[in-house]
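These notes concern the structure reproduced below.
Labels below follow one simple rule: chain letters A, B, ... track the order of the sequence lines, proteins then strands, and each chain is numbered from 1.
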Amino acid sequence: MLMRDEIKGAIEAILFVRTGRVGLDEIIDILEVPLFDVIDIMQEIMAEYNVPGKGLMIKEVNDGYVMCSNPEYSDYLVKMAEPQKKRLTPAAMETLAIIAYSQPITRAEIERIRGVKSERIIANLLEKNLIAEAGIKAVLGRPTLYETTEEFLRVFGLVSLKDLPPLEEGLDVV
Amino acid sequence: MLMRDEIKGAIEAILFVRTGRVGLDEIIDILEVPLFDVIDIMQEIMAEYNVPGKGLMIKEVNDGYVMCSNPEYSDYLVKMAEPQKKRLTPAAMETLAIIAYSQPITRAEIERIRGVKSERIIANLLEKNLIAEAGIKAVLGRPTLYETTEEFLRVFGLVSLKDLPPLEEGLDVV
Amino acid sequence: MDYVVELDSFHGPLDLLLYLINENQIDIYDIPIAAITDQYMEYLSITGDFDLEKLGDFLIMATYLLALKTQMMLPRHAEDEEELTEEQDPRTELVQRLLYYRKFKMAAEKLEELKDGKIRRYFFREDDTRFSPPGELTANINILTELFYNLLKKAQQIPRVEIPQDDIDVGEKMKEILAVVRKHRQGIFFKDFLSGMINKRELAASFLALLELMRLQKVQAVQENEFGSIKLFLGGRHKNVNAG
């Protein structure tokens, strides 16, 4: 049986190794520790980490946790050249923004908002793994729906879609 | 000017983000802090991190530092679901399918079938060693031909190309 | 007008319209359609090496604007002399679309800033699985086969189109359009006129021909309700849009 401090250390290590969210269920599976204990220890870990000035943070997302940097230091981290930074054209960014804020959404809906054919841009975003297919819309023609991916969150520095900057006031996205 | 605690936090964040070594010179460049201060603060950080039971460690490597998980917990980290096995994107699968069934084939021919530019996907498949160059086609422009590799057979569990599932009748490959 | 910005740098017709509205410091809720349409048309006339596929989308907007311009010029009934209500204003749909589009355009700028760290953001560990050896790949041969099968099926449905090397004559297209419009006294939908054209150059030439005919007032384009659904009439025949 693991000691409390060992569980803490192991969870830290697990969150560190994974780029992205680790489910609560995964932690329980890996450590074979009761749910109640994990939740309790997670509270303790998060209280230790999420303190102003600390370099790392731990955020809760959909019954799981993500380790990430403290946004206070984003000015410095930007300066670290990441291999193959993904450059997107303004047209691709525009399309991605529509998908991010209106997901899941079909190509026809995107094209109606943009006023231009967007097939090639969508193919490009799919290829970059920033968006993914998200099933079929139950309307005539059964068009494919698109949504953003985990990679999208990673590239744009979001823990979850809730972190998307709010859209301009006074106008609702349908 | 950064406060000592801010430098500490920023260094933690920098080491966290990079998978691998961060040079002392890089840290100095990013934070614009004197070498002497960085070395001093690194001593303090390492003293805090490298304690038995902690999940993360910081190691010194060739005038640089690496943040890594504590080997004490490697038994658990092994149990983490394979860092999610890489899947090919649908676009890459489609391109690979065309090459597999029509090899050797040029990029222009692939693009004609798919109806979209495929340069980047082909580069990606080459990089993954799933396809390889197979000479030059003796037509105008002398385009490169592509074919699948041994690695392709391995990944798809085929002994030879003869094991590719037959296509349905009535459709000609050209 | 100085053409500092090339048409190619606009992502689409709405983008160009927003630019013109901005440049002229126009109130988006009260767009002078005639003036904006003229400027928009001027931009289109200097397309140069423009991507023809994209041009099609710009031209659809052009036809729409011209129809809107015509509609705005129609004399109103006496009781409508005062301000138009939102429902009556033919510009309402355009304004809605522009506002909606602009919202996402701004969101895109925000996202870009987020990506570049100009807004505080989280960073995650570099994803080293992206560089994992191909041995880590999972793949299914049946999916591969199915994909190829579907591609072939799709490819065989599309007739091969050879793009002619010679430019299609806009003058010829003007004659064709006039002939068709003369034949359809009740009007013909522009998209029906275009249907059957599979060649992008031919489509673009047709649009240009139509625009020229409208400029010469030989053909009138009327937009009925739906965005983009444009009906063509012989010039001067169809005086009252609302009756049509």
Please examine the side chains of A:Phe156 and C:Arg121, heavy atoms only from C-beta on, and report whether any two atoms are closer than 4.5 Å. no
From C:Phe124 CZ over to A:Ser69 OG, what is the distance, rounded to the nearest 0.5 angstrom? 7.5 Å
Between C:Gly117 and A:Val78 the two heavy atoms that sit nearest each other are CA-CG2, 3.4 Å
Give me the atom names and distance for the closest heavy-atom approach of C:Gly12 to A:Val116. CA-CG1, 3.6 Å
So, does C:Arg97 use its side chain to make a donor-acceptor pair with the main chain of A:Arg112 at under 3.5 Å? yes
Just by distance, no angles: are the side chains of C:Lys103 and A:Tyr101 close enough, under 3.5 Å, to form a donor-acceptor pair? no
Can you tell which part of A:Met67 gets under 4.5 Å to a heavy atom of chain C, answering side chain, backbone, both or neither? backbone
Between CD of C:Glu112 and CG of A:Leu88, what distance do you get to the nearest 0.5 Å? 7.0 Å
In short, A:Ser74 meets C:Arg120 closest at the heavy-atom pair OG-CA, 3.3 Å
A:Pro165 portion near chain C, given a 4.5 angstrom heavy-atom threshold: side chain
Before giving the answer on side-chain contact (heavy atoms from CB on, under 4.5 Å), spell out for C:Leu14 and A:Ile113 the whole-Å C-alpha distance, their side-chain angles and the decisive distance to 0.1 Å. CA-CA 9 Å; C:Leu14 294 168; A:Ile113 296 173; over 6 Å; no
How long is the gap from OG1 on A:Thr95 to CZ on C:Phe104, to the nearest 0.5 Å? 11.0 Å
Grab the two heavy atoms, one from A:Leu158 and one from C:Leu114, that are nearest each other, plus how far apart they are. CD2-CD2, 3.4 Å
Where C:Asp57 and A:Lys117 come nearest, the two heavy atoms and their spacing: OD2-N, 3.0 Å
So what's closer than 4.5 Å to chain C heavy atoms on A:Ile121: side chain, backbone, both or neither? neither
Between A:Asp163 and C:Tyr122, does the side-chain contact (heavy atoms from CB on, under 4.5 Å) criterion hold? Intermediate values first, please. CA-CA 10 Å; A:Asp163 298 326; C:Tyr122 301 107; 3.8 Å; yes
Let me know if A:Phe16 has heavy atoms under 4.5 Å from chain C in its side chain, its backbone, both or neither. both
What's the separation between atom CE in A:Met93 and atom CD in C:Glu109, rounded to the nearest 0.5 Å? 9.0 Å
Could you tell me the separation between the CG atom of A:Leu15 and the CZ atom of C:Arg125, rounded to the nearest 0.5 Å? 11.5 Å
